[in-house]
Every structure is written in structure tokens, then in C-alpha cells.
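What follows is a single structure, written as C-alpha cells, with notes after it.
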Amino acid sequence: MSSNNVASFNEARRVAIFGGTHGNEMSGVTLVNLWMMNSREEIQRKGVETQPFITNPKAVEKCSRYVDTDLNRAFTTENLSAPNGKDLPYEVQRAQEINRLFGPKGSSEAYDVIFDLHNTTSNMGCTLILESSKDHFNLQMMNYIKKAIAPDSCPVLLNEDPGLKYATARSVAKHSVGLEVGPQPQGVLRSNIFEAMRIILKHALDFIELFNEGVEFPPCTVDVFKVSERMDYPRDANGNIIAMVHPNLQDCDWEPLTPGDPMFQTFDGKTIPYEGAGAVYPTFINEAAYYEKQQAFVTTRRETLAANAIRKV
Ligand SMILES: CC(=O)N[C@@H](CC(=O)O)C(=O)O
Ligand SMILES: [Zn+2]
């Protein structure tokens, strides 16, 4: 194969692991705190400087998702360039600080890789979240992790549609990776979820070490679930929710939902079916944090992405 098809990237020397972007998602909070206190060897790799970091300490202290506004929506150009002052919402001030420490977003000084650790109340298992289908470094990393954890699986959620994506904390890095593990209630630590997150991170860091050592990764394909639509709960004229996620759909993240399948159940027991065109793969089903975002679940469609071979410059 011609060398034109090999994408080259600089070594990924500066890596950050964010926890507590949402202060009530306990796996990331606990792992990052652990790695900051001691156990640093666990995240050390040859030729890599890995920085564990609590992104929203005030929210962690309160064990709430955020204090003033969702930090994982705050990294907009507008916020990051706002004249800073004490009257800005706490999370906007924090976003500016994080952008100074790990960015600036979109610049050559930005960190190479940021992993952002999240938990969901949905039954999503170990999900990796990407924001671009064209980042061949990240696609190769996904392929490496999927192979490493087989026969267990880790779905890759692609959230790249400009109308659907949001301004995440991890987006300040050159390569941003979200890690979303569930089901775990807010404010709760479950050992299985904690360990699953830890293992994914181990493989991700191993990949970076191999890449920095000069290993060339051959072309591959990566199956992803691409976010396609946000689905709200059915509501009355006053905006009150009038139905719940249907029992047939509850906990069935990543399983096909086809037209006619039960989707919601009203309080008097009526079934509201899915009426879209063709099968979709719902996820973030009944996520607690998304009630305020008026979102019952998101639909995704399956795609296979091609990743070029990669090696370091
Ligand atoms: C439940 C949760 O917080 N999910 C994350 C997903 C992501 O990081 O993209 C969020 O809404 O920011
Ligand atoms: Zn979160």
C-alpha cells in the first residue's frame, strides 16, 4: 500500500484524564482522585505524561451534576473568549481555566489526548464517545480497545452532527475521547462499573504507549453508532411528561427499535409505538441527567468507518 495512505501524527506525549466533569458520576471522580493521591504508576506509560484532573471540583463536593450550568456544554467559542469576570457562571470560569491549562482548544499547544470519564444511569455498558469520524488516531485507538477487551464489547458512539453535538470539556484536546459507563445511579459507586472503566483506560493508555514507540497500525474498520435524533418524552400542552419509557425499551440500549415497536407507556397503560422510518439503535435510554434536557433517549444508526494506517511522524 502506498505511504500516502498512512496518516502520521505526532507522538501523544501529553495526555489528560478528566473525572468529575459531572460531580455525581462517581467512577470517574473516584478513579481520578485515586490516581491523583497515589496509584499514579497505574496510568504511567513510557514516553507519556498522564495528568489526572478533577474538572468540576465544586460539583464533586456537592455531588451534583453541576453548580450553575453543565460544564460539558460550556466549551463554546463564545464562552471561552468571554471577558473573564467573577460574574460569569462558575462552570464558564472553570471552562476558561481548563482551556488555559489543557488547550487552547484548536491550537497546536493543546493536549494531545483527553479522556473524559462519565457514568450513565442507562444500560449502555462501556461506551466510547467520539466527536469526529475523520480522526484516524482515535479510530485506531477504538479498534485497539475493542480487540483488547473482546469477547466483552464496547460500543463506539459517534456524536459529530453539528446540530447535535455539544461543546465538551474534552474538546480542548487534539484527540478527544469520552468514556461513558453504565448503568450506575448518580452519586453511587458500583464495583463492576468502576472496574470496567478502569480496564478501558488501561488499554487506551497501552495503545498510546505503543504508538509513541513507533508501532505502525495497519488500516482497519470500526463499527460505530452514529447519533441521529434526540427523542423527548411525550408531553401535555403544559409541558408535563405524560408517559414513561416503555418496559420493552427500558435497558435495551443498542438493540434495534423498529417501526411499530413499543417506545413509551402512558400512566394509564397505553403503548406509544416508535413511528420512525426504519430501524434505529436507541441509547442513553432514560438517562437521569437528560430529563432537564428533555431527552428520553437518542436514536443512532450503525455505520462502519474506515481508518487509515497510522504511525508517528
Ligand atoms: C450522562 C452524561 O453526562 N453524558 C455525557 C455524554 C458525553 O460526555 O458526551 C454528557 O451528556 O455530557
Ligand atoms: Zn456525565
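Atoms within a ligand are numbered from 1 in the order they appear, just like the ligands themselves. Here the structure is a predicted model, which means the values were calculated and not measured.
- Counting only heavy atoms of the protein, atom 10 (C) of ligand 1 lies nearest to Tyr290 OH, 3.4 Å.
- Residue contact check for ligand 1: Ile129 places a non-hydrogen atom closer than 4.0 Å to it.
- Within the 2.8 Å limit, Glu180 places no N, O or S atom next to the Zn ion (ligand 2).
- Ligand-side atoms of ligand 1 in range of Arg65: 1 (C), 2 (C), 3 (O), 10 (C), 11 (O), 12 (O), range being under 4.0 angstrom from any heavy atom.
- When every heavy atom of Pro259 is checked against every heavy atom of Gly276, the shortest pair comes out as CG-O, 3.2 Å.
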Criterion side chain to side chain contact (heavy atoms under 4.5 Å, CB included) on Val113 and Lys174, from CA distance to verdict: CA-CA 6 Å; Val113 184; Lys174 297 193 179 97; over 6 Å; no
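- Side-chain rings of Phe18 and Phe102 approach one another, their centers coming within less than 6.0 Å.
- In terms of N/O distances under 3.5 Å, ligand 1 is approached by Tyr166.
- Within His22, the N/O/S atom positioned nearest the Zn ion (ligand 2) carries the name ND1.
- The name of the N, O or S atom in His118 nearest to the Zn ion (ligand 2) is ND1.
- Using bins of under 30°, 30° to 60° and over 60° for the plane-to-plane angle, the ring pair Phe137/Phe207 lands in the perpendicular bin.
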Check against side chain to side chain contact (heavy atoms under 4.5 Å, CB included), Asp116 and Ile17: CA-CA 6 Å; Asp116 193 15; Ile17 304 173; over 6 Å; no
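- Ion pair Glu160/Lys165 not flagged as a salt bridge, since none of the NZ, NE, NH1 or NH2 atoms sits closer than 4.0 Å to an Asp/Glu carboxylate oxygen.
- Those atoms of ligand 1 with a heavy atom of Arg73 less than 4.0 angstrom away are 10 (C), 11 (O), 12 (O).
- Each of the following atoms of ligand 1 lies closer than 4.0 Å to a heavy atom of Asn72: 7 (C), 8 (O), 10 (C), 12 (O).
- Residue contacts with ligand 1: Lys293 is excluded, as none of its non-hydrogen atoms falls under 4.0 Å.
- With respect to the salt-bridge test (charged N to carboxylate O, under 4.0 angstrom), the residues Glu131 and Arg170 qualify.
- A salt bridge links Asp70 with Arg65: the distance from a Lys NZ or Arg NE/NH1/NH2 to an Asp or Glu carboxylate oxygen falls below 4.0 Å.
- Residue Glu180 holds the heavy atom nearest to atom 4 (N) of ligand 1 of all those in Arg170, Glu180, Lys165.
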